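The structure appears below as structure tokens.
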Amino acid sequence: MKNLFKLPMLTTFASLAFSQWSFASQTNTCTDATGIEHKTIAEIQGSSAISPLLSEGVYETEQEYMVTGIVSAHLYNAITLYNQDGDDTTSDGLYVYMGNTSLPSVGHTVCVRGIVKEYFGLTQISATNKEWELVDNTTTSPGAIDLKVTDENGSFAELLERHEGMLVNLPSDMNDSQAGYQDMRVARTYSYDYDARRNNMALTYSRINLHPNQVAAPGSAESIAQRAQNQDYLLFLESDDRASNGEIPYYPGFQSNPNTNYIRVNDSVVDLKGVILYNYDRYRLYVPDSSEFNVTSSNFIRNTPRSDTPIISTVSDYDEFIIKVATQNVLNYFNSPFGGEQNPHGDDRGADSSDEFTRQTEKLINTLYAMDSDVVGLLEVENNGFGTFSAIKKIQDELNNEYYKEFPRDRGDARHQDNRYAFVGFDANGDTIIDEQDTIGSDVVTTGILYRPSKLTLEAVDVIPMPSQHAPIIVDETGAAILDGKGEIRESGDNYQRDSLMATFIVHSTGKRLTVVANHLKSKGSTCWEDWQGWETWENFDPTNDNVQDLDFQGNCEHFRVAAAVQLGEQMEKIGGDRILLGDMNAYTYEDPILVLTKNPTDKAIYAARDTFIKGIKQFGSSGKKITKTYGYISAAALKDDEKGKLSWSYSYNDEVGSLDHMLISPSLEDRLVDAVEWHINAAESTLYDYNEEFKGSNANAFYEVSPFRSSDHDSAVMSLSYRYGETDGKRVTFASSGDSITVPFSIPATATPEVNDVAKLKIRGLNKNSNTVAIPEIKLTENGQQTVFFEVVNLDEGQYTLEMSLVKGAPEDPDAESREGTVVSDAKQSMEISVKKRSGLIAESITPPYDHTGGGGPLGPMLLVGLLGLLRLKRKS
Amino acid sequence: MTTPSWALNLFEDQYGHKVDLYGEIGTGGHFGADDEYGEFYSDDAFIDDSFSSLGIKGTYENLYYALEMDYQRENWQGGSGDMVFGVDKSYFGYRILPGHSIEVGLTDTAFDKYDHYGDFTFDITVETGEAGDQDRTIKYQGEFGYLKFATSYSHMGRSTSGAELGNITNGYIGFFSDRFSVVLGAEGRLGSKGESKYGQQKLYGLGMRVKATKALSFGINGYQEEEYISQKSYVVDNSDPLNIEKQYNQFEKLDRSGWLISSKYTFNEKWEVVASHNFEQYEEWDEDSPYWSGTEYSWGKEREWQTLGVNFKPYPSVVFAAEANQGEAAQVLYAYTRIYF
């Protein structure tokens with residue numbers, strides 16, 4: 001890989017253009033030249049990255065050379081020459097910097113002379129006096145050469161080097177020796193590239209670039225190889241001229257109709273033509289600024305197309321129902337500047353204007369509605385409490401407006417109010433009131449949980465405190481704190497992460513509990529104490545400005561996140577039962593915190609950070625701790641990916657994607673898991689589609705639509721769990737009454753041979769003296785075979801009852817068949833111990849959890865029994 | 001537990017039925033008390049430890065009974081600091097066999113009788129946290145020759161501060177001879193089911209006395225305790241700020257242990273000298289424990305201290321005691337006067 005120069009590309013081009021302010025022209029620049037050697041393009045390019053005409057350590061020749069070729073393309077103040085020599089190891093193209101726009105026609109054979117340069121890694125000739133000589137005006141352009149992999153053993157970068165300076169086409173299959181289609185995929189969609197300081201895209205060969213730690217444990221050979229291959233496979237897609245915000249010069253349809261002509265990560269880019277050059281340490285494909293190179297939507301093949309709703313299986317057996325659980329990052333949803341409750345922890349994030357906030361809300365609500373999940377973990381909600389004007393209340397209210405159908409006849413309709421949400425409030429200050437004074441932790445954002453009271457009853461709420469770090473400050477050799485260019489301390493040793501919100505639900509129509517925790521662990525951005533260890537020995541490290549080393553690609557603070565993972569694992573182990581850990585763990589699938597929470601099959605050495613404290617209590621001490629215990633959670637998405645033969649990802653950073661957002665389920669839920677997906681509405685999309693109004697050019701409004709796409713920067717994830725009606729692990733089956741009615745399921749198995757006209761009956765034992773007002777219908781079956789019917793029981797008070805369901809044979813459909821009318825089918829008989837509660841309201845209330853049985857309690861002590869037995873023995877002897 | 005010596009006989013008949021009046025009066029306290037140790041209700045240099053009791057006890061055939069009332073200063077941590085009157089004992093007993101009896105009511109739990117066995121100090125140095133007096137208690141006590149044993153069950157026990165403890169069972173078995181005696185005790189508590197911070201508990205105790213000479217005795221006492229203490233509470237009802245109702249969850253096992261070696265030298269009937277070396281270790285003192293209290297104590301996770309005291313008994317039922325403390329102790333001096341009747 002070339003890595004010779006680091007001057008900004010545009011500056012360089014511009015300076016050259018203006019420093020040579022005369023027009024290029026056709027002359028006899030070659031004919032008149034004396035004593036100047038003529039070289040072929042191949043001789044100038046050579047078979048390595050650097051021209052063989054250059055001595056070692058020298059980046060331009062002292063003498064001029066002449067070169068002749070067919071003009072294959074025009075670029076900004078430059079042309080490319082083409083001359084096929086039949087040698088696959090050398091490029092047939094050469095970039096010629098002309099310094100002006102008066103360029104020879106494409107297809108003409110011209111000769112130029114000039115010095116040969118390795119210009120920021122690009123082999124080129126700078127035309128002397130900006131002159132060129134027409135050699136033959138009857139030749140024609142060679143056109144774009146298909147970029148084909150010809151050397152299976154060579155690197156992709158070597159392939160690109162062999163095409164440096166050539167006009168190439170990206171074919172739909174770049175490798176004829178492999179089955180299927182190998183094409184260029186969008187690794188990072190169209191956005192501003194802070195390295196190159198221009199808008200562009202990153203492409204990658206044959207597959208998207210999964211983050212190294214998305215495929216293997218950090219530091220492993222596989223992980224390192226993945227990163228190397230990711231880098232090797234990269235090809236940046238550039239416009240010839242610097243593109244304005246919101247515009248792709250070679251794709252006019254993008255700007256004019258961006259929500260139709262969108263470009264997503266993993267799209268294949270085919271039949272797009274451009275010149276391969278090397279700049280800013282990368283191979284880049286420059287699309288010439290000419291309409292003949294323009295592309296349309298047909299040049300982008302969508303391998304993960306947009307979907308307005310998550311594509312998730314909710315198929316369950318006849319006697320089961322589905323509960324969907326999801327996680328959603330809300331991209332710093334801050335309502336405090338727009339009439340919301342003040343945030344006691346700060347308010348420096350989120351929308352910049354009321355219009356932006358409206359857009360943010362619209363996109364978020366559209367997303368949450370489309371997710372149609374029964375429990376949703378939210379991340380990056382403004383931490384301004386649970387009062388009337390809090391951010392989470394705003395989300396709840398706006399979302400519930402989507403469910404406007406109120407009549408019982410509309411039950412089952414997606415818009416029915418039964419689908420409305422409540423949020424989980426936490427009584428942080430212990431005043432038994434959920435209000436604006438209850439915030440979680442001390443960060444400006446927090447996690448939240450929405451749930452549907454029609455499906456679940458909230459039984460317990462808690463906040464799991466996460467560790468903070470209070471390690472020594474990082475100092476230089478004089479003992480002074482290391483500061484950055486702004487004078488701020490680079491690593492104070494004090495680091496924090498957000499507390500997690502936990503809710504335990506009773507799943508209606510069952511006796512089961514489900515505990516959900518919304519998490520948002522420490523980010524990879526800022527450093528922790530561990531990230532600085534050994535900095536004194538790092539070669540050429542500038543402690544003021546440089547990023548710290550990241551040899552295993554986990555980003556910063558992985559040890560601190562491990563400490564959080566241990567805390568989460570330990571605390572949830574105490575809760576027990578069915579558990580789901582949701583949220584942004586800021587760790588890819590095989591990174592240390594996830595290995596701790598799931599399993600560590602390779603026994604990777606994992607260390608928790610030093611000097612971490614949980615609510616002031618020391619966690620591991622000043623040496624940290626090697627973590628060998630894992631907690632056995634299962635990544636729901638990864639589990640289903642294995643079955644589907646795919647790899648999920650939820651976040652795009654630079655040119656790599658991976659899953660930072662997880663749905664980790666306890667093993668007890670594995671058999672219950674129907675499906676789990678990551679809904680690629682955000683990571684795959686350009687930031688041009690988000691709620692922000694800045695940096696989107698002249699047609700900014702065209703990018704905005706009320707849709708889920710780029711409603712956040714992280715993808716949503718959704719899973720479906722199946723529950724059998726009436727199943728329980730010993731507790732009473734819970735029904736939540738709405739309007740004094742409950743819906744009682746009666747699953748009739750095939751062994752009972754249910755048939756049309758059979759009558760399902762329900763008897764309720766334990767009714768009080770007012771029970772004569774309870775309406776208990778009978779249900780006549782309308783179809784044969786196993787099925788679940790539902791009794792709509794009205795006027796049943798809160799309380800505990802025993803339900804007895806039975807099936808009575810009706811008259812047979814076939815009058816000639818033997819009639820068993822009136823017979824009770826023994827295989828269908830069922831009984832159920834139930835508890836009827838009022839359905840929770842939509843206003844959060846302080847929830848007192850039931851006793852968790854961790855402190856014992858029970859009947860007589862065993863020692864008493866021993867004592868009494870001893871006494872009886874004594875009496876008998878006496 | 002008081003040791004009536006000059007009980008006043010209120011009634012006695014020819015069948016041996018009788019009623020006695022007994023009690024004690026004591027005054028004195030803790031000098032140079034150190035609030036860091038968290039043993040007392042306030043941060044005063046002197047903590048009054050006045051205590052008086054008055055009781056009646058009687059026998060009728062194989063039945064016996066007692067009613068004892070205390071008037072004492074609530075000087076412990078969390079206590080009011082006031083002199084408080086209360087019923088300390090109220091029970092019936094029945095002698096089922098010679099040496100074997102059952103008691104029912106408000107009485108000492110079985111292990112309470114010997115939890116400090118081997119500790120000759122006047123102030124009781126290492127505190128074994130057994131249940132003490134409990135209401136709703138049934139207790140069996142018996143003895144065979146050198147062996148004594150007892151067990152008790154207390155329904156829905158409470159701490160001295162009134163917090164629920166759950167059902168409590170404890171007991172002991174001991175060997176007692178003139179020169180040597182040893183008692184093994186144990187207590188099991190089932191916990192409050194989340195109604196207080198106290199969860200289940202296991203406690204084992206050992207007491208031993210050796211009489212080296214007629215004047216010199218040595219004692220050993222120690223305990224090992226595992227107690228589940230709630231780490232998380234939720235306010236259920238705060239309408240009464242003086243009585244906030246809470247739900248307690250997330251109980252965690254905390255280990256505590258302590259031991260002492262003590263010796264007593266009796267010069268004569270009136271003068272005794274007592275010395276002790278004491279050790280205690282509480283998990284909540286340990287900064288490395290996840291259940292550290294969050295307070296850094298000057299003694300770290302364990303403490304050791306010594307005492308040297310003198311007891312002057314001008315009369316058999318009167319004692320003047322002074323006990324100096326050295327080391328990681330909660331006080332400098334304990335001085336007390338007590339008279340029994």
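Only heavy atoms go into these numbers, but all of them, side chains included; no hydrogens, no water, no symmetry mates. The shown structure was predicted, so the numbers you read here are calculated from the model rather than taken from an experiment. So that the names make sense, note that chain A is the first sequence line, chain B the second, and so on, each numbered from 1.
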Q. What's the shortest heavy-atom distance between Tyr234(B) and Asp462(A), and which atoms?
A.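 Result for this residue pair: OH-OD2, 2.5 Å.
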
### Task
Let me know if Ser289(B) has heavy atoms under 4.5 Å from chain A in its side chain, its backbone, both or neither.
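Looking at Ser289(B), just its backbone touches chain A.
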
Which bit of Lys197(B) is near chain A, if near means a heavy-atom gap under 4.5 Å: side chain, backbone, both or neither?
->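 It is neither, since no heavy atom gets under 4.5 Å.
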
inquiry  = Measuring from atom OH of Tyr851(A) to atom OG of Ser230(B), what distance do you get when rounded to the nearest 0.5 angstrom?
reply    =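 The distance works out to 9.0 Å.
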
Exercise for the section: First locate atom CD1 of Ile617(A), then atom CD of Gln231(B), and finally report the distance between them rounded to the nearest 0.5 Å. Expected result: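 Nearest 0.5 Å value for the CD1-CD distance: 8.5 Å.
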
Taking atom [atom1] of [X] as the centre, report whether more than 12 heavy atoms of other residues, nucleotides or ligands fall under 6.0 Å from it.
X         : atom1 : value
Phe175(B) : CZ    : yes
Glu570(A) : CD    : yes
Ile244(B) : CD1   : yes

*asked:* Under a 4.5 Å cutoff for heavy-atom pairs, which residue among Gln619(A), Lys615(A), Lys574(A) has the most contacts with chain B?
replied: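 With the most close heavy-atom pairs to chain B, the winner is Lys574(A).
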
Requested in this report: Count the heavy-atom pairs under 4.5 Å between each of Ile847(A), Thr432(A), Asp427(A), Thr848(A) and chain B, then report the option with the highest count.
Outcome: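 Max contact count across the listed options: Thr432(A).
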
Give me the contact list for residues 246-259 of chain B versus chain A, heavy atoms only, anything under 4.5 Å, ordered by residue number.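 Residues Gln247(B), Tyr248(B), Asn249(B), Gln250(B), Phe251(B), Glu252(B) are the ones that qualify, each having a heavy atom under 4.5 Å from chain A.
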
query = Do the non-hydrogen side-chain atoms of Asp431(A) and Val235(B) ever get within less than 4.5 Å of each other?
reply =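 Asp431(A) vs Val235(B): side chains apart.
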
Counting only pairs under 3.5 Å, give me each side-chain donor-acceptor contact of residues 157-164 of chain B, with atom names and distances, residues two or more places apart or in other chains.
from	atom 1	to	atom 2	distance (Å)
Arg158(B)	NH1	Gly162(B)	O	2.6
Ser159(B)	OG	Ser161(B)	N	3.2
Ser159(B)	OG	Ser161(B)	OG	2.9
Ser159(B)	OG	Gly162(B)	N	3.4
Ser159(B)	OG	Ala163(B)	N	3.1

Check: At a heavy-atom separation under 4.5 Å, does Pro850(A) approach chain B through its side chain, its backbone, both, or neither?
Finding: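 For Pro850(A), backbone heavy atoms alone lie under 4.5 Å from chain B.
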
Query raised in the report: Which region of Gln571(A), side chain (C-beta onward) or backbone (N, CA, C, O), has a non-hydrogen atom less than 4.5 Å from a non-hydrogen atom of chain B, or is it both or neither?
Result: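 For Gln571(A), the contact with chain B is made by the side chain alone.
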
